[in-house]
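Please read the structure below before turning to the comments.
First the proteins, then the strands, lettered A, B, ... as listed; each starts at 1.
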Amino acid sequence: MRIESAFLLPAHDGLEVAKLMSEYDFKAIEARWQAAWQEKNTFCTLGPGDAGFDASKPKYYVLDMFPYPSGAGLHVGHPKGYTATDITARYKRHRGFNVLHPMGWDAFGLPAEQYAIQTGTHPAVTTEANVNNFRSQLQALGFSYDWSREINTTDPNYYRWTQWIFKQLYNKGLAYQSEVPVWWCEQLGTVLANEEVINGRSERGSFECVKKPLRQWMLRITQYADRLLADLQGLDWPDSVKAMQREWIGRSEGAELHFQPACADGTAVGAPFTVFTTRPDTLFGATFCVLSPEHPLVDAITAPEHAAAIAEYRELATRKSELERAELQKDKTGVFTGAYAQNPVFPKGDPRHLIPIWTADYVLMSYGTGAIMCVPDGDERDREFACKYDLEIRQILDGDKMVHSDFLNGMRKDESIPAMIAWLEENGLGTGKVNFRLRDWLFSRQRYWGEPFPILHEMNAAGERTGTISLAADEDLPVSLPELDDFTPSAGGEPPLARATDWITVVDQDGKTWKREVNSMPQWAGSCWYYLRFLDPHNSGAAWDRAKEDYWMPVDLYVGGAEHAVLHLLYARFWHKVLFDCGLVSHSEPFQKLVNQGMVQSFAFKDSRGVLIPVNEVEAKEDGTYFIRESGEVVEQLTAKMSKALRNVINPDDVIREYGADTLRLYEAFMGPVTASAPWNPRDLPGVFRFLQRTWRVFERGIGSEENVDIECALHRCIKKVGGDLEAMGYNTGIAAMMEFINTATKVKLPLTSAQAASFCILLEPFAPHLAEQLWCDTAQPSELAFASWPSFDPSKLVADTIEIPVQINGKLRARAVVATDCNRDDLEAAARGALAELLEGEIRKVIVVPGRMVNFVMA
RNA sequence: GGGGGAGUAGCCCAAUGGCAGAGGCAAAGGACUUAAAAUCCUUCCAGUGCGGGUUCGAGUCCCGUCUCCCCUACCA
């Protein structure tokens with residue numbers, strides 16, 4: 001692209017510059033308008049309490065999942081979602097909404113801390129540099145964020161309120177300390193939440209994790225399990241995300257029942273144990289029980305002659321990491337304890353009364369009660385185990401009917417389960433019970449770069465904790481992070497905050513000594529409520545103003561990646577419900593509509609052995625196949641995630657440099673439906689770039705005084721289509737409609753009228769705002785483009801006077817009839833008969849006439 | 001094993017149950033040009049993974065089946 005010297009004139013001479021330009025110079029245009037938006041605070045949003053705020057207008061809160069500002073900067077996946085929300089935000093402004101469209105930084109987290117450990121650079125320094133980089137990258141894309149509302153979770157003025165919300169949780173009894181077996185990751189030097197451990201490895205870094213008992217802070221999310229489940233129903237969320245949350249909460253109905261352990265001779269030994277089952281009605285078929293190796297009762301009931309074998313098995317199980325357990329998959333192992341359980345449905349002396357108790361690691365201590373009753377006739381896993389160890393299999397099911405089950409015989413499960421629960425409760429043997437997979441949320445980490453807890457532990461004279469806890473007073477918030485220069489865990493495995501000896505010790509007015517909590521909050525804390533802080537980001541007296549919350553909430557559109565389907569979205573819903581119960585927010589759910597944008601993938605190449613080859617080692621042949629440059633070996637093209645190793649990462653800065661931000665935005669939106677994943681295909685970029693160029697050329701013709709009917713019809717079709725598509729987030733088809741219009745205008749070779757130009761600029765603005773602003777300015781439109789009313793379309797201009805209607809016989813196209821557009825049923829049928837003529841000889845059974853659409857004759 | 005989603009032209013992708021094609025890429029031809037690039041114009045191509053069903057009419061709805069992607073998994 002040629003740069004003329006005129007382009008270098010300052011922005012305020014823009015009108016003159018535009019006249020000198022002969023080509024679409026995106027660089028000058030984008031720089032100019034980004035500066036203008038910033039200077040004029042175009043996208044600064046007023047809210048309740050602000051002077052000039054118009055409360056009569058409807059509101060629209062459109063939110064992106066705010067990013068973690070990584071050192072790698074933005075990649076082209078980020079703008080896919082951000083472009084979608086920006087298009088919608090800009091569209092809603094044209095529709096007269098007060099639009100809240102903010103951006104911020106989820107900036108606490110591990111990478112900055114690990115970088116600090118390696119280099120000594122303070123995480124705050126790294127974070128600030130990364131944030132500055134992210135901000136300028138986002139601004140280069142021309143997003144209409146209200147930057148005056150920018151927030152950063154690591155800002156003490158922000159985490160002050162994160163701590164304040166924690167206090168509300170604590171005061172409601174939802175935060176507690178517990179010595180729990182937790183996932184400990186040696187490499188990361190911290191504990192992790194269940195959700196952060198996948199197959200025994202850390203989600204971040206994929207390091208091995210082990211279970212270890214430690215004193216930790218927990219949040220009672222389980223208390224909200226039922227509501228978190230039930231309220232999913234009213235949300236406009238993807239089914240997949242709802243399904244994932246449902247599974248994660250894992251509600252299952254069944255019963256708990258109690259078994260008395262006994263020796264081989266039937267004498268009771270040890271305390272009764274409880275099992276959870278979804279099929280208590282299969283108790284007549286229970287032929288053994290299994291306790292998890294970690295179950296506390298195992299030692300107590302093990303018969304002496306089995307003690308050695310049991311000890312060895314338990315030792316093996318504890319050493320086996322969760323990873324190994326998962327890898328061994330279905331290969332079940334177990335050991336007999338030598339003890340028996342009394343099956344209460346059979347009398348003493350009945351050979352079916354005593355059933356052996358085994359221990360096996362396919363039963364997990366972390367689910368249910370850590371003990372199960374086994375019904376090999378009903379459960380596949382139990383059957384497999386029974387077969388392997390030659391345990392009894394007793395039939396209780398015939399098809400879907402119960403058999404050999406006394407009072408349950410002949411019933412289906414919908415009758416037999418309640419019947420059995422009633423019987424159990426009557427006899428004091430068990431109760432109906434709802435069980436959840438959801439565990440309480442492990443809420444503490446052993447990190448520096450996180451929110452400190454507003455917690456003080458009382459110390460006695462000997463320097464020991466008394467167990468009394470007090471909360472930091474509201475006026476003492478924030479509890480700021482102390483300065484450190486060593487971020488590694490301190491001696492004795494204490495978190496890095498334990499190194500800040502001055503910071504830790506607090507002496508109160510009475511001279512009593514307290515020590516600060518040295519754990520910190522997990523990264524999720526800040527993202528649990530950031531959407532509320534955006535409403536009132538500079539409020540120093542409260543987390544948010546209630547009137548502002550009342551006006552803006554809930555979030556109308558929330559866009560982000562599917563990877564947050566359970567973690568962030570479940571935690572945020574939990575906090576929001578707690579805030580709702582505290583009377584601090586007006587709705588029980590924060591995010592009304594959720595959309596997961598698809599992944600932007602990239603091409604990769606695979607050789608004949610299946611090895612992935614970096615993109616820069618591959619060249620294309622003329623016939624469209626690919627080969628390795630050095631060896632000449634032909635490789636297969638496939639779609640993969642972008643990764644440094646494959647060298648197929650696309651940097652948005654490069655795209656902006658070559659084609660401009662408008663082209664990048666347009667391409668991201670044109671790739672396909674916003675929810676679909678698709679590979680970044682550099683060959684498609686010139687297509688959208690050409691569209692912008694053609695648009696530029698159409699406007700280069702200047703403004704015409706005469707209204708051309710073809711252009712006018714095409715424009716009204718375009719207005720209708722783009723508006724409808726934007727309501728449905730059909731960005732790709734909306735762009736196609738604008739291309740259609742520009743193609744028509746290009747062919748007609750006449751200038752647009754001023755009104756036509758204005759309408760088209762408004763349609764274009766959400767997608768390619770810089771170019772739209774320039775054209776708006778060049779055609780001397782009054783008012784401000786960003787808030788110009790969306791044009792309306794004239795239905796009479798949408799269609800021609802006559803249309804061609806397909807005429808079918810038995811659903812097959814046989815002729816066409818040209819009729820007036822507003823042709824009625826009878827006239828249409830007559831015209832159709834005329835078009836078919838002699839083909840209609842024979843019995844006509846039925847005639848289907850759809851005015852404006854088609855005619856179908858059903859013939860014998 | 002369970003759950004979610006997708007299969008339409010050489011490729012990406014459109015089609016309130018109503019003529020399979022809006023748009024883009026690629027390809028071919030032409031105009032312009034000394035030439036090339038750019039630009040403009042024109043053209044080419046599938047019957048919708050497969051098998052049934054409902055319907056006057058199915059890419060679209062229902063049943064079955066195959067393939068691919070994502071999530072999840074001894075959850076009792």
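Taking atom CE of residue A:M738 and atom P of nucleotide B:G24, one finds them 12 Å apart after rounding to whole Å. Between A:L232 atom CG and B:G3 atom P there is a gap of 18 Å when expressed in whole angstrom units. In this structure, A:I742 atom CD1 and B:C41 atom P are separated by 12 Å, rounded to whole Å. Protein atom CD of A:Q245 is 13 Å distant from nucleotide atom C1' of B:C71, rounded to whole Å. In this structure, the CG atom of A:L813 is 6 Å from the P atom of B:A20, given to the nearest Å. In this structure, the CG atom of A:N681 is 16 Å from the P atom of B:G24, given to the nearest Å. Atom CD1 of A:I249 and atom P of B:C75 are 19 Å apart (whole Å). B:A6 atom P lies 16 Å from atom CE of A:M599, rounded to whole Å.
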Find every protein N or O atom lying less than 3.5 Å from an N or O atom of nucleotides 52-57 of chain B, and list the pairs.
unit_1 : atom_1 : unit_2 : atom_2 : d
B:C56  : O2'    : A:N856 : ND2    : 3.2
B:C56  : O2     : A:N856 : ND2    : 2.5

Under-3.5 Å N/O pairs linking protein and nucleotides 21-23 of chain B:
unit_1 : atom_1 : unit_2 : atom_2 : d
B:A22  : O2'    : A:E740 : OE1    : 2.6

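Using N1 to N3 plus N6-O4 or O6-N4 for Watson-Crick, or N1-O2 and O6-N3 for G-U wobble, each under 3.5 Å, B:G1 pairs with B:U72. Across all strands shown, B:A6 forms a Watson-Crick or G-U wobble pair with B:U67, both key distances being under 3.5 Å. Within the shown strands, B:U42 is the pairing partner of B:A28 under the Watson-Crick or G-U definition, both distances less than 3.5 Å.
Between B:U8 and B:G59, the distance separating the two P atoms is 15 Å to the nearest Å. B:G29 and B:C68 are spaced 39 Å apart, taking the P atom of each and rounding to whole Å. Comparing B:C45 with B:G7, their P atoms are spaced 25 Å from each other, to the whole Å. Separating the C1' atom of B:C25 from that of B:A9 is a span of 12 Å, rounded to the nearest Å. Nucleotides B:C66 and B:G52 place their C1' atoms 15 Å apart, quoted to the nearest Å. For B:G47 and B:C40, the P atoms lie 32 Å apart once the distance is rounded to whole Å. To the nearest whole angstrom, the two P atoms, one in B:U60 and one in B:A73, are 35 Å apart. To the nearest whole angstrom, the two C1' atoms, one in B:G51 and one in B:C44, are 33 Å apart.
Using a 4.0 Å heavy-atom cutoff across all strands shown, A:P238 reaches no nucleic acid atom at all. Residue contacts for A:M373: at a heavy-atom cut-off of 4.0 Å it reaches no nucleic acid atom on any strand shown. Residue contacts shown for A:E380 are absent, as no nucleic acid heavy atom lies under 4.0 Å away. Using a 4.0 Å heavy-atom cutoff across all strands shown, A:R246 reaches no nucleic acid atom at all. Nucleic acid contact for A:K721: none, since no nucleic acid atom lies under 4.0 Å from a heavy atom of the residue. Nucleic acid contact for A:R690: sugar-phosphate only, since backbone atoms but no base atoms lie under 4.0 Å from a heavy atom of the residue.
Remark: A:E256 pairs with no residue by the side chain to side chain donor-acceptor pair (under 3.5 Å) rule, at least two apart or across chains. The ring-ring contact (aromatic ring centres under 6.0 Å, His included) check on A:F385 picks up A:F288, A:W358, A:Y362, A:Y389, with sequence neighbours excluded. For A:R694, the side chain to side chain donor-acceptor pair (under 3.5 Å) partners are A:N743, not counting sequence neighbours. Legend: residues meeting side chain to side chain donor-acceptor pair (under 3.5 Å) with A:N824, ordered by chain and number and at least two apart, are absent.
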Exercise. Given A:T733 and A:D725, is the side chain to side chain donor-acceptor pair (under 3.5 Å) satisfied, shown in steps?
Worked result: CA-CA 7 Å; A:T733 50; A:D725 285 345; 3.0 Å; yes

For this session: Please report the C-alpha distance between A:Y667 and A:W680 in whole Å, then the side-chain angles of each, then the deciding distance to 0.1 Å, and finally whether the ring-ring contact (aromatic ring centres under 6.0 Å, His included) criterion is met.
Result: CA-CA 9 Å; A:Y667 174 74; A:W680 186 269; 4.6 Å; yes

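Closest to the A:T278 side chain, of the nucleotides B:G18, B:A76, B:C13, is B:A76. In the set B:C19, B:C25, B:G4, the nucleotide with an atom closest to the side chain of A:R683 is B:C25. Checking B:G4, B:A76, B:G18 against every side-chain atom of A:Y367, the shortest atom distance belongs to B:A76.
Formation of a donor-acceptor pair under 3.5 Å by the A:N856 side chain with backbone atoms of A:G811 is found in this model. At least one donor-acceptor pair closer than 3.5 Å links the side chain of A:R439 to the backbone N or O of A:R437.
Side-chain contact between A:F741 and A:V722 is absent, with no heavy-atom pair separated by less than 4.5 Å. At a threshold of 4.5 Å between non-hydrogen side-chain atoms, the residues A:F276 and A:S252 count as touching.
Side-chain N/O atoms of A:T222 and A:D440 include a donor and acceptor closer than 3.5 Å.
The number of heavy atoms from other shown groups lying within 6.0 Å of CD (A:E563) is above 12.
Considering only side-chain N and O atoms, A:R853 lies nowhere under 4.0 angstrom from the phosphate OP1 or OP2 of B:U16.
Positionally, the nearest nucleotide of RNA chain B for A:V241 lies more toward the 5' end than for the other of A:V241 and A:M244.
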